[in-house]
Participant: 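If you scroll down you'll find the structure; I have some questions about it.
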Amino acid sequence: MGAIAEGLRRVLELDRELWHIVALSLEVSLSAVLIATALGLPLGALLAVKRFAGRRTVIVLLNALMGLPPVVVGLLIYLLLSRAGPLGELGLLFTPGAMVIAQSVLVLPIIAALARQTLEDAWREYEEQLRSLGARELEAAFTLIWDARFSLVTAVLAGLGRAAAEVGAVMIVGGNIDGVTRVMTTAIALETSKGDLPLALGLGFVLIALVLAVNAAAQLIKEAAVRRYG
Amino acid sequence: MSASILPLALENVSYASNGQPIISSVSLAIVAGPSTIILGANGAGKSVLMRLMHGLLAPASGTVSWREKDMGRVRRQQAMVFQRPVMLRRSALANVVYALAVAGVPAGEREAQALAALDEVGLRHLAQRPARVLSGGEQQRLALARAWALHPEVLFLDEPTANLDPGAVREIETVIKAFDAAGTKIVMATHNLGQARRLGDEVIYLQAGRVMERAPIEQFFARPATAEAAAFMKGELPWV
């Protein structure tokens, strides 16, 4: 218990530096989740609604991609963005932008795969009615997303959890540069390797508290909405 | 007034699910005018036959064809009300507006038309209520409003009152009569003899996926031509 109290005291002492790290963590992970949601929900919905050759293969692949190791994603994005890489000219490596890209790639399959499952269940209920009304596939896909929006919160939260918790991808493409690309997870890894366990632990608690707060807020909003709309 | 999409002709239509025949070589014509009741016990294939007519299912063999060859027009000129209505997670009004939007009605005209349709089924006062918290009878009336707004030439109804209490059944039947009075061709599946008599002009009696008999309603009830239909009406299990 002593280490925990010490950790929390140290965290509170850090103030400005710490809040910068917390803010950057949130900014990077929320941006990544926003991008992955904007792409992942329509992708999942189309997979739920459209019947085409190779659909099952795509679904298996997408499900498998949920388990992408962050360090591998980091490495791939690193190769893409490095000076000699195909996107090297953008000069994004070791910037928060690179971290957003890496986390988007990591989170996209999670959101798309979970959305696909949720929306396929909804489609079973809606299909005849929507086809009877004459809705085309794309129309039906967006109708499903809107109608299942409260259930889809879970898919988005799973993505956010993954983004906030991962360290491998942001470490490789961000470089953990103090004041520039240092986020909570990379800071924890650094403090642990330096032997400053209380500080690492304190940062860990802040991270857990943030994730908890976001999930609690989402759950409350979801419950209120379900009560309202049935 | 543009030409009718009817008659609808089914020729030797069969349908099977998992190797189990559900509809077996059905040939019949649905013409404009009389309200057609598809009568039969549970499992006779009424729902599947309706879906084959409406175009939600494709026959395994045989053809389903309309007089109108423009399939877009055929699509727009028919609507279906299901046994269990599926309501979108939005207001009652928005559910009707959605149907109009999908049907390509200009945005500026949707709300007025939707409100008129809600008026028709007596749900105007619930327009802003989320559709999914309405009662079963109200949801079914909303489904009818959604169909009404589209002004279809043909309305398919698949046991629309199967799960409702008598009061709600009366309200639904009133709306169905209004459709009929407005000139909409009614094709309704039911296993309820009283309802068939109240709403129908002719009966197609279905058993085990085959049309056993087709007759004007009074004749069917007074002198059924087949033993199967007579047995069904006596409340006997026709397959025993």
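Predicted, not measured: the structure shown is a model, and the values here were computed from it. Residue numbering restarts at 1 for every chain, and letters A, B, ... go by the order of the sequence lines.
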Participant: Is there a donor-acceptor pair closer than 3.5 Å between any side-chain N or O of B:Gln195 and the backbone N or O of B:Asn192?
Facilitator: no

Participant: Quick test of your reading of the model: are B:Asp158 and B:Arg51 salt-bridged, counting only N-O distances below 4.0 Å?
Facilitator: yes

Participant: Can you tell which part of B:Arg146 gets under 4.5 Å to a heavy atom of chain A, answering side chain, backbone, both or neither?
Facilitator: side chain

Participant: Does any N or O in the side chain of B:Asn95 come within less than 3.5 Å of the main-chain N or O of B:Leu88, such that one atom is a donor and the other an acceptor?
Facilitator: yes

Participant: Of the backbone (N, CA, C, O) and the side chain (C-beta and beyond), which part of B:Tyr98 lies under 4.5 Å from a heavy atom of chain A, both, or neither?
Facilitator: side chain

Participant: Indicate the atoms forming the closest heavy-atom contact of A:Glu120 with A:Ala48, along with that distance.
Facilitator: N-CB, 3.6 Å

Participant: Who among A:Glu125, A:Arg228, A:Glu128 has the most heavy-atom pairs with chain B under 4.5 Å?
Facilitator: A:Glu128

Participant: Against chain A, work out which of B:Arg90, B:Gln78, B:Met80, B:Arg76 has the most heavy-atom pairs shorter than 4.5 Å and name it.
Facilitator: B:Arg90

